[in-house]
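Note that this is a predicted model, so its numbers are computed, not measured. For ligands, and for the atoms within them, numbers begin at 1 and follow the listed sequence.
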Amino acid sequence: MAVIPVETPGGRYEVRIAPGLLADAATHCLPLLRKREVAVVTDANVARAWRGPVEASFAAAGIATHWLELPPGEATKNWIQLGAVLDWLLARGVERGDPVVALGGGMIGDLTGLAAALLKRGCKFIQLPTTLLAQVDSSVGGKTAVNTGAGKNLVGAFHQPVLVLADPLALDTLPRRELAAGYAEVVKYGVLGDADFFAWCEANGAALLAGDPAARERAVATSVSAKAAIVAADERETRDVRALLNLGHTFGHALEAETGFGAALLHGEGVALGMVLAARYSARTGLMAGAEAERIAAHLAGSGLPTELAALGLGADGAALVAHMLHDKKMDAGTLPFVLLRGIGEAFVSREVELADVAAFLDGELASPA
Ligand SMILES: NC(=O)c1ccc[n+]([C@@H]2O[C@H](COP(=O)([O-])OP(=O)(O)OC[C@H]3O[C@@H](n4cnc5c(N)ncnc54)[C@H](O)[C@@H]3O)[C@@H](O)[C@H]2O)c1
Ligand SMILES: [Zn+2]
C-alpha cells in the first residue's frame, strides 16, 4: 500500500492507495468513527458497482451504513442537491465529529465535501474516490464546490478530508472514456513538473488504461504526491504555486463552456486539449520547442484524448473562446494568469499573456487541418 501524507494548514491526513481498499474500507475508517453507524453519500452508478463491497466491509465490522444515492452526472452538483444532502445528514443526526463518507467521483466528492464544510460549521469527511480523476485530483487538496447558473464551481469552500482511500480496482467498472479523461490529469503532473514521470506515462500509459493495477497504483501515487507537495506549499492558491495545477484548464474551461459542460467534451478531455494548446501557445511565443509540444500531443492522442481544436467542429472563433476565459474565477483585477511551459516538466505562471494574441493563436488552431 502506498501512503501519501498531505499536510496543509487546514488539516493533515493520509491518502492510502492499494487494490482492495474499498472492500476493506471499514478497517481504515474505523479509527475515525465514534458511533456504530456512518452516513455514505454516493451516486446511483457508483452504488450499483461498489455499494455492496463497502456496505459488507462496514457490516462485518459491526457498523451500520446509511446511504444517500444521488442521480449521476454533473447536473447533480447544485444548490438543490446540496440542501438535500445537508437535510439528510441532519436527519441522520450526524455531528461534527462524525465523518461523512463520499463514495464516488469528483461530483460526489465536491458536493459532499461542501456539505461537510457547512454542516454544523464543519464536520469531518472521508473521500473514497472511484474515478481516476477523483483519485489523482479532486479527492486531494480540499477544494469543494457546487455549480450555479453563473458557472462551474463558483460557490465552494476549502475543507480538507480526514482520510482518502484510493482503490485502483474501483477503476475496473469505470467507463473507458471516463478513465481516459482522468488520465489527462495524470499526464498533467508530468507535463507541469516532472519530465521523468511524463516519460513513464509514455511508456506505461497504455498498460494503465488497459487495466494494469500496478501501473494504476504507481500513477495515482505519483500524482497524489505531486499534488500533496503543491497543496502543502499553497493550500488556498494565494501564491502562484497551486495555480500550476491549472495547466491546460484555462483553455480547457473555455472549450467546456463552449460545448456546454456536457458529454460533448468531458472535463479531462478539455484539459488534454487545453494542455496541448498551452504547449503550442508556449512554442509559438518561443518559450519551448515545437517538437516538445507535439510530443505532449502525441502521447495524449495515443491515449484516446482530443488534441486538435479544429476536430471539435466548434462554431466559435478565437475571440469567442477568449470571452469564456474572462468569466474564469482565476480572473484577477483584469488579468488572467496562464500556465505556460518552458519545456516538459517546466510549467510556470505568466501574467503577461495578451488575450488578443491568444485569440489569434486560437483562430489559427481552429483553422488548421486536424
Ligand atoms: N475539488 C477539486 O479539486 C476538483 C478537481 C478536479 C475536478 N473536480 C470536479 O470533479 C468533477 C468531475 O469528477 P469526475 O470526472 O470523477 O466525474 P463524476 O463524479 O461525475 O463521475 C463520472 C461518471 O462516472 C461514474 N462513476 C464514477 N465512479 C465509477 C465507477 N467506479 N464505476 C462506474 N461508474 C463510475 C459516475 O456515476 C459518473 O457518471 C467535476 O465536478 C469537477 O468540477 C474537482
Ligand atoms: Zn481538472
Side-chain angles (χ1 to χ4, degrees), residues 6 21-22 41-54 69-78 81 102-114 117 125 127-147 151-161 164 166-189 192 216 223-224 227-228 230-231 235-237 242 244-253 255-256 261-263 265-275 329 339:
V6 184
L21 276 179
L22 285 182
V41 181
T42 190
D43 76 33
N45 289 339
V46 178
R48 203 176 311 121
W50 293 100
R51 176 174 170 161
V54 172
E69 295 184 15
L70 298 172
E74 187 67 20
T76 293
K77 218 177 93 171
N78 66 24
Q81 296 290 355
L103 173 68
M107 186 280 282
I108 285 296
D110 278 16
L111 178 68
T112 310
L114 183 55
F125 86 114
Q127 292 263 26
L128 306 186
T130 61
T131 65
L132 184 55
L133 180 134
Q135 294 188 351
V136 300
D137 191 358
S138 62
S139 67
V140 181
K143 283 190 182 178
T144 72
V146 291
N147 306 323
K152 271 197 64 174
N153 295 331
L154 291 180
V155 175
F158 287 96
H159 189 57
Q160 302 288 347
V164 181
D167 184 345
L169 298 184
L171 308 180
D172 288 350
T173 57
L174 191 64
R176 166 82 191 200
R177 190 176 166 203
E178 296 286 350
L179 185 69
Y183 181 65
E185 303 274 7
V186 171
V187 175
K188 181 186 78 176
Y189 292 106
L192 78 85
R216 288 178 177 181
S223 300
V224 169
K227 181 153 187 184
I230 287 172
V231 168
E235 183 187 27
R236 292 182 176 236
E237 208 165 316
R242 188 161 185 168
L244 292 175
L245 295 172
N246 298 326
L247 173 63
H249 282 63
T250 303
F251 287 107
H253 276 157
L255 300 174
E256 285 186 89
F261 290 106
L265 189 73
L266 300 179
H267 172 75
E269 294 172 339
V271 169
L273 183 44
M275 238 184 324
K329 62 181 172 316
V339 185

Enquirer: Atoms of ligand 1 less than 4.0 Å from Trp50 heavy atoms?
Expert: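 Numbered from 1, ligand 1 contributes 31 (N).
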Enquirer: Going from OG on Ser223 to NZ on Lys188, what distance comes out if it is rounded to the nearest 0.5 angstrom?
Expert: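 NZ of Lys188 is found 9.0 Å from OG of Ser223.
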Enquirer: For Asp137, counting its heavy atoms only, list the atoms of ligand 1 lying under 4.0 Å from any of them.
Expert: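 Counting atoms of ligand 1 from 1, those under 4.0 Å from Asp137 are 5 (C), 6 (C).
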Enquirer: Which one of Pro175, Ala49, Gly109 has a non-hydrogen atom at the shortest distance from atom 34 (N) of ligand 1?
Expert: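 Nearest option to atom 34 (N) of ligand 1, by heavy atoms: Pro175.
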Enquirer: Do ligand 1 and Asp110 have nitrogen or oxygen atoms that lie under 3.5 Å from each other?
Expert: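 Yes.
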Enquirer: Check Asp43 with Lys77, please: is the shortest side-chain N to carboxylate O separation under 4.0 Å?
Expert: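 Salt bridge between Lys77 and Asp43, a charged N being under 4.0 Å from a carboxylate O: no.
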Enquirer: For atom 5 (C) of ligand 1, which candidate among Pro72, Gly142, Ser138 holds the nearest heavy atom?
Expert: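 Among Pro72, Gly142, Ser138, the closest heavy atom to atom 5 (C) of ligand 1 comes from Ser138.
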Enquirer: Out of Gly106, Ala44, Gly113, whose heavy atom sits nearest atom 17 (O) of ligand 1?
Expert: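 Looking at heavy atoms only, Gly106 sits closest to atom 17 (O) of ligand 1.
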Enquirer: Relative to the heavy atoms of Asn153, which atoms of ligand 1 are at a distance of less than 4.0 Å?
Expert: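 This gives 43 (O) as the contact atoms.
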Enquirer: Considering only the protein, which heavy-atom contact is closest to atom 38 (C) of ligand 1, and what is its distance?
Expert: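 Ranking protein heavy atoms by distance from atom 38 (C) of ligand 1, first comes Asn45 ND2, 4.1 Å.
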Enquirer: Is any N, O or S atom of Glu185 under 2.8 Å away from the Zn ion (ligand 2)?
Expert: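 Of the N, O and S atoms in Glu185, at least one lies under 2.8 Å from the Zn ion (ligand 2), which means yes.
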Enquirer: Can you check whether His267 has an N/O within less than 3.5 Å of an N/O in ligand 1?
Expert: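 His267 vs ligand 1: no N/O contact under 3.5 Å.
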Enquirer: For atom 32 (N) of ligand 1, grab the closest protein heavy atom and report residue, atom and distance to one decimal in Å.
Expert: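 For atom 32 (N) of ligand 1, the nearest protein heavy atom is Thr173 OG1, 2.7 Å.
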Enquirer: How does Glu74 reach ligand 1, if at all, at less than 4.0 Å between non-hydrogen atoms: by side chain, backbone, both, or neither?
Expert: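 Side chain only.
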Enquirer: For ligand 1, note which part of Lys143 has a heavy atom under 4.0 Å away: side chain, backbone, both or neither.
Expert: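 The part of Lys143 near ligand 1 is both the backbone and the side chain.
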Enquirer: Of all the heavy atoms in Lys227, does at least one lie under 4.0 Å from an atom in ligand 1?
Expert: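 Judged by the 4.0 Å heavy-atom criterion, Lys227 does count as contacting ligand 1.
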Enquirer: With respect to Glu185, determine whether any N or O atom, backbone or side chain, lies less than 3.5 Å from an N or O atom of ligand 1.
Expert: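 Checking ligand 1 against Glu185, no N or O pair falls under 3.5 Å apart.
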Enquirer: Minimum distance, heavy atoms only, to atom 28 (N) of ligand 1: which one of Val146, Leu111, Leu103, Thr130 is it?
Expert: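 When every heavy atom of Val146, Leu111, Leu103, Thr130 is considered, Thr130 comes closest to atom 28 (N) of ligand 1.
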Enquirer: Counting distance only, does the side-chain N/O of Gln135 pair as donor-acceptor with the main-chain N or O of Asp167 below 3.5 Å?
Expert: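 Judged by distance alone, yes, a pair lies under 3.5 Å.
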Enquirer: Pull out every atom of ligand 1 sitting under 4.0 Å from any heavy atom of Glu178, numbered as shown with elements.
Expert: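 The list of qualifying atoms is 22 (C), 23 (C).
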Enquirer: Just jot down the side chain to side chain donor-acceptor pair (under 3.5 Å) partners of Arg242, sequence neighbours excluded, or say none.
Expert: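 Partners of Arg242 by the side chain to side chain donor-acceptor pair (under 3.5 Å) criterion come out as none, since no residue qualifies.
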Enquirer: Quick one: nearest non-hydrogen protein atom to atom 29 (C) of ligand 1, plus distance?
Expert: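 Looking only at protein heavy atoms, the one closest to atom 29 (C) of ligand 1 is Leu174 CD1, 3.5 Å.
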Enquirer: Does Ala170 offer a backbone N or O that forms a donor-acceptor pair with the side chain of Thr173 under 3.5 Å?
Expert: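 Yes, because the side chain of Thr173 sits within donor-acceptor range (under 3.5 Å) of the backbone of Ala170.
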Enquirer: Out of all atoms in ligand 1, which are within 4.0 Å of some heavy atom of Asp43? Include the element for each.
Expert: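 Result: 36 (C), 37 (O).
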Enquirer: With heavy atoms of Lys152 as the reference, note each atom of ligand 1 found under 4.0 Å away.
Expert: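 Answer for ligand 1: 40 (C), 42 (C), 43 (O).
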Enquirer: Only heavy atoms of Val46, strictly under 4.0 Å: list the atoms of ligand 1 that pass.
Expert: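 Those atoms are 26 (N), 27 (C), 28 (N), 29 (C).
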Enquirer: Can you name the residues that form a ring pair (Phe, Tyr, Trp, His ring centres under 6.0 Å) with Phe125, not counting sequence neighbours?
Expert: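 For Phe125 the ring pair (Phe, Tyr, Trp, His ring centres under 6.0 Å) partners, ignoring immediate neighbours, are His159.
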Enquirer: Going by the closest heavy atom to atom 27 (C) of ligand 1, which one wins out of Leu22, Thr131, Leu114?
Expert: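 Residue with the shortest heavy-atom distance to the ligand atom: Thr131.
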Enquirer: Under 4.0 angstrom from ligand 1, any heavy atom of Ala170?
Expert: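 The answer is yes: ligand 1 sits under 4.0 Å from a heavy atom of Ala170.
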